[in-house]
Amino acid sequence: MASTVFRVLLRMDIEPGLEEEFEKEWLAGTDAVTGHPANLGQWLSKATDAQSSYYIISDWVDEPRFRAFEESPAHLEHRAKLHPYRRGGEFHTMRVVTHIEGKASADAR
């Protein structure tokens with residue numbers, strides 16, 4: 001069965017020295033994303049091979065509803081609060097083709 005999950009991958013390069021403040025601001029605004037009815041979840045990961053770089057992954061029920069979220073006041077406000085920390089990055093979108101759960105996930109249940 002084909003997945004309809006729409007995934008967004010954002011790499012954010014943060015101004016050096018502001019990593020801790022960025023993480024706090026990102027966490028404080030997560031409800032703007034996870035509180036949206038089309039959001040399936042999101043993750044914040046810090047790169048291990050590049051100082052001051054983060055990867056933000058969010059999953060959505062489909063692309064049209066993600067695009068509607070992009071224009072929402074809650075998202076625009078959250079994005080504006082994160083903007084001062086950002087010095088660069090990349091934005092990618094994709095459709096999840098399939099997901100295969102690993103043994104450790106199954107054993108954790």
Side-chain angles (χ1 to χ4, degrees):
M1 183 169 143
S3 170
T4 61
V5 173
F6 184 74
R7 180 165 288 167
V8 176
L9 170 62
L10 172 65
R11 190 192 84 230
M12 286 185 71
D13 300 326
I14 303 303
E15 294 290 346
L18 298 180
E19 295 89 350
E20 190 173 323
E21 291 177 48
F22 164 75
E23 290 178 21
K24 287 179 184 173
E25 190 64 48
W26 183 86
L27 188 59
T30 56
D31 192 53
V33 178
T34 56
H36 191 279
N39 181 263
L40 297 169
Q42 71 168 341
W43 297 259
L44 174 66
S45 303
K46 188 170 185 190
T48 57
D49 58 352
Q51 188 175 2
S52 304
S53 291
Y54 290 83
Y55 294 92
I56 300 168
I57 299 169
S58 61
D59 285 350
W60 301 85
V61 295
D62 57 34
E63 184 173 1
R65 284 182 267 190
F66 166 73
R67 298 296 179 192
F69 159 77
E70 282 189 300
E71 302 300 322
S72 70
H75 170 65
L76 296 175
E77 180 180 337
H78 181 52
R79 190 175 70 186
K81 288 181 179 177
L82 296 177
H83 185 74
Y85 301 97
R86 186 176 181 166
R87 66 180 168 95
E90 293 181 346
F91 178 81
H92 301 277
T93 62
M94 60 204 80
R95 181 180 60 81
V96 175
V97 176
T98 190
H99 170 250
I100 301 169
E101 195 169 86
K103 182 166 178 27
S105 292
D107 290 348
R109 282 189 243 136

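Quick caveat, the model's predicted, so the values are computed rather than measured.
- Not counting sequence neighbours, the partners of R11 by the salt bridge (charged side-chain N to carboxylate O under 4.0 Å, His left out) test are D13, E90.
- Of all heavy-atom pairs between E71 and L76, the closest is O-CD1, 3.8 Å.
- Residues V96 and L9 do not share a hydrophobic cluster, defined by chaining ILVMFWY side chains whose heavy atoms lie under 4.5 Å apart.
- For Y85 against F22, the heavy-atom pair with the smallest separation is CE2-N, 3.8 Å.
- The OG1 atom of T34 sits 11.5 Å away from atom CG of L40, with the distance rounded to the nearest 0.5 Å.
- W43 and L10 fall into different hydrophobic clusters, where Ile, Leu, Val, Met, Phe, Trp and Tyr are joined by side-chain heavy atoms under 4.5 Å apart, directly or via other members.
- Both L27 and V8 are assigned to one and the same hydrophobic cluster, defined by single-linkage of ILVMFWY side chains at heavy-atom distances under 4.5 Å.
- Looking at every heavy atom in both residues, P16 comes nearest to S52 through CA-OG, 3.6 Å.
- Taking 4.5 Å as the limit, some side-chain heavy atom of E19 sits within range of a side-chain heavy atom of Y54.
- To the nearest 0.5 Å, atom CG of residue L44 and atom OH of residue Y55 are 12.0 Å apart.
- Interatomic distance, CE of M12 versus NZ of K46, reported as 13.5 Å (0.5 Å rounding).
- Side-chain heavy atoms closer than 4.5 Å link hydrophobic residues (I, L, V, M, F, W, Y) into clusters, and following such links, possibly through other members, connects M94 to I57.
- Looking only at distances, a side-chain donor or acceptor of R87 sits under 3.5 Å from a matching main-chain atom of I14.
- Ion pairing between a basic and an acidic side chain is recognised when a charged N comes within 4.0 Å of a carboxylate O; E21 and K24 show no such pairing.
- Side-chain atoms of F6 and R65, non-hydrogen and from C-beta on, never get closer than 4.5 Å to each other.
- Atom CG in D59 sits 10.0 Å away from atom CD in Q42 (nearest 0.5 Å).
- A 6.0 Å sphere centred on CD of E70 holds more than 12 heavy atoms belonging to other residues, nucleotides or ligands.
- Scanning both residues, N39 and V33, for their nearest heavy atoms gives CB-O, 3.2 Å.
- Partners of H75 according to the ring pair (Phe, Tyr, Trp, His ring centres under 6.0 Å) rule, which considers only residues two or more places apart in sequence or in another chain, are F69.
- Salt bridge annotation for E77-K81: present, with a cationic side-chain nitrogen under 4.0 angstrom from a carboxylate oxygen.
- To the nearest 0.5 Å, atoms OG (S105) and CD1 (I100) are separated by 12.5 Å.
- Put simply, CD1 on I56 and CZ on F91 are 11.0 Å apart, with the number rounded to the nearest 0.5 Å.
- When the shell of 6.0 Å around CD of E15 is examined, it contains more than 12 heavy atoms from other residues, nucleotides or ligands.
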